[in-house]
Amino acid sequence: MILFNTAMTLIGWYWLRLLYWVMEGSIPVWLILGSFLLVTGIWICGNILVIRNGRIRAIPSILIIVLTVLMVYYEPTLMPRYKEFVDEKTMSQSFILLEYFKKGE
C-alpha cells in the first residue's frame, strides 16, 4: 500500500506539473479532465482494492495514505531532484503536446 501510494503521488506530481505547462497553450479541456479522472480513478480504485484484499480497517488505511503522501512531498533528499527532473521533462512534453494540437487547427 505504501509503494502504490508513493508511486501514485509521484505520478500525480508529474500530472500537476504537466498541467501547469500545458495551461500556457490551447489544449482541449476533455484531455485535461480525462487525464485527471484517469489518475484519480486509478489511485482511488487501487487503494480500495489493496484495502479490501489486505483486510485493513478504514482509519489505519487513511492514515497510511496521508502519511505516505506527506512523506513523499516533504522528503528532503530525493524529492527536490525529482521535482527538478519532472519540471524539465514536463516542459518539453508540453511543447510537444501544444505543437500537436496547433497542427490540428
Side-chain angles (χ1 to χ4, degrees):
M1 184 170 195
I2 292 173
L3 290 175
F4 176 73
N5 283 302
T6 302
M8 289 307 296
T9 303
L10 296 176
I11 291 170
W13 177 260
Y14 186 86
W15 182 85
L16 285 173
R17 295 308 300 166
L18 184 60
L19 178 67
Y20 171 77
W21 288 108
V22 167
M23 293 297 281
E24 300 292 324
S26 57
I27 298 293
V29 176
W30 60 266
L31 183 65
I32 295 170
L33 289 176
S35 62
F36 172 74
L37 292 174
L38 180 68
V39 169
T40 55
I42 290 172
W43 199 337
I44 292 169
C45 292
N47 275 317
I48 290 172
L49 185 67
V50 168
I51 289 168
R52 283 189 180 174
N53 287 343
R55 293 186 175 86
I56 305 170
R57 294 187 182 258
I59 300 296
S61 62
I62 291 172
L63 286 174
I64 290 171
I65 293 168
V66 169
L67 287 175
T68 303
V69 171
L70 289 175
M71 189 173 57
V72 169
Y73 277 135
Y74 295 111
E75 194 273 324
T77 55
L78 293 177
M79 196 59 182
R81 292 180 186 161
Y82 178 77
K83 287 179 179 178
E84 181 181 320
F85 173 76
V86 164
D87 280 343
E88 188 177 301
K89 292 296 178 186
T90 55
M91 183 172 46
S92 63
Q93 192 175 23
S94 69
F95 291 145
I96 294 169
L97 285 170
L98 290 172
E99 183 179 323
Y100 174 80
F101 284 106
K102 281 186 180 181
K103 285 181 183 177
E105 292 178 353

Over all atoms of both residues, closest heavy-atom pair of Y82 and L10 |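 Answer, listing the atom of Y82 first, then L10: OH-O, 2.8 Å.
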Can you see which heavy atom on A58 is nearest to which on S61, and at what distance?
->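 So the minimum-distance heavy-atom pair works out to O-OG, 2.7 Å.
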At what distance, to the nearest 0.5 angstrom, does [atom1] of [X] lie from [atom2] of [Y]?
X: D87; Y: E84; atom1: CG; atom2: CD; value: 8.0 Å
X: L3; Y: T68; atom1: CG; atom2: OG1; value: 9.0 Å
X: L98; Y: Q93; atom1: CG; atom2: CD; value: 11.0 Å
X: I65; Y: I2; atom1: CD1; atom2: CD1; value: 10.5 Å
X: I44; Y: L49; atom1: CD1; atom2: CG; value: 13.5 Å
X: L63; Y: I56; atom1: CG; atom2: CD1; value: 11.5 Å

Cation-pi check, R17 onto Y20 ring (under 6.0 Å, within 45° of axis) | yes
Does the side-chain contact (heavy atoms from CB on, under 4.5 Å) test come out yes or no for M8 and I11, once each step is laid out?
-> CA-CA 5 Å; M8 289 307 296; I11 291 170; 4.2 Å; yes
Under the side-chain contact (heavy atoms from CB on, under 4.5 Å) criterion, do Y74 and M79 qualify, and how do the steps go?
-> CA-CA 7 Å; Y74 295 111; M79 196 59 182; over 6 Å; no
Assigning hydrophobic clusters by single linkage (Ile, Leu, Val, Met, Phe, Trp, Tyr; side-chain heavy-atom cutoff under 4.5 Å), is [X] placed with [Y]?
X: I62; Y: V72; result: yes
X: W43; Y: M71; result: no
X: V66; Y: V69; result: yes

Student check: side-chain heavy atoms of L18 and S94 closer than 4.5 Å |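 Heavy-atom side-chain distance check passes, below 4.5 Å.
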Tabulate below the donor-acceptor pairs under 3.5 Å that side-chain atoms of residues 30-42 make, not counting sequence neighbours, or state none.
from, atom 1, to, atom 2, distance (Å)
S35, OG, W15, NE1, 2.8
S35, OG, L31, O, 3.1
S35, OG, I32, O, 2.9
T40, OG1, F36, O, 2.9
T40, OG1, L37, O, 3.4

Is the number of heavy atoms from other residues, nucleotides or ligands under 6.0 Å of K89 NZ greater than 12?
->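 Atom NZ in K89 is not crowded, with 12 or fewer foreign heavy atoms closer than 6.0 Å.
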